[in-house]
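The structure presented is a predicted model; accordingly, all values stated were derived computationally and were not measured. Just follow the structure's listing: the first ligand is 1, and inside any ligand the first atom is 1.
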Amino acid sequence: MINIALPKGRLGEKVYGLFEKAGYEFEGVREAGRRLVFMNEELDMRCFWVKPFDVPVYVERGVADIGAAGKDILMEKNPDVYELLDLNVGKCRMSVAGLEYGDRYGNGNRTLRVATEFPNIARDYYSKLGREIDIITLRGSLELAPVLGLSDVIVDIVETGRTLRENNLMVIDTIAELSARLIANKSAFKFKSEKINEIIRRLRLID
Ligand code: PRP
């Protein structure tokens, strides 16, 4: 059997749409309910919704053979999995942003305060710049941090840029282009290679 971890939420809906188009349907996924696990007996496949940040955990530990995870989460957690395919959905950017009229690079004399959900990505970025930072880890609504003076800048996902604009923030730098990626457990990829390669082949055929 092939087990698939899908990220619960907006991105997961898009990814599931790709699986559907590729011919992998699971009864009940589209129904509004609280079920988390869905089976397709005929294909001998099972999929389940997990929190986006947890997809690599399920895949790394082999409970899921494959999964779909945002590149942001892969960059942040650096899991020991194979990244097989760019699914080309959920396209956005990891950016540094700050107040339009604020001291966007921070006062040179003071450690730059960076609010983020991605402390490793932020640390990496600023260590390459040789800049000392104070990381403030938050869970969502990052844009509030510079507006209320909790941080000088944020390292966050920007899709349309609307949230930044509506909060008088602007992009200072782009760290990476992001999208959803198909990942696989390393040993599953070896022992279930035929089935996994067939999934990749079919997903690649979608326009
Ligand atoms: C993400 C991100 C931004 C927003 C960017 O948040 O953290 O806040 O989307 O999108 P935009 O550029 O199109 O405005 P999400 O909606 O996933 O919720 P969160 O704040 O809880 O992370």
Arg202 to Tyr24 six-membered ring, cation-pi geometry met (6.0 Å, 45°): yes
Do we get Lys186 above Tyr82's six-membered ring, with its NZ or CZ under 6.0 Å from the centre and within 45° of the axis? yes
Value rounded to 0.5 Å, distance of CG in Leu169 from OG1 in Thr163: 9.5 Å
Could you tell me which non-hydrogen atom of Ile196 sits nearest to which non-hydrogen atom of Ala188, and how far apart they are? CD1-O, 3.7 Å
What I'd like to find out is whether the side chain of Ile73 reaches to under 4.5 Å of the side chain of Pro56, using heavy atoms alone. yes
Is the closest side-chain heavy-atom distance between Asn3 and Val63 below 4.5 Å? no
Please list, by chain and number, the protein residues whose heavy atoms come under 4.0 Å of ligand 1. Arg10, Glu117, Gly140, Ser141, Glu143, Asp156, Ile157, Val158, Glu159, Thr160, Gly161, Arg162, Thr163
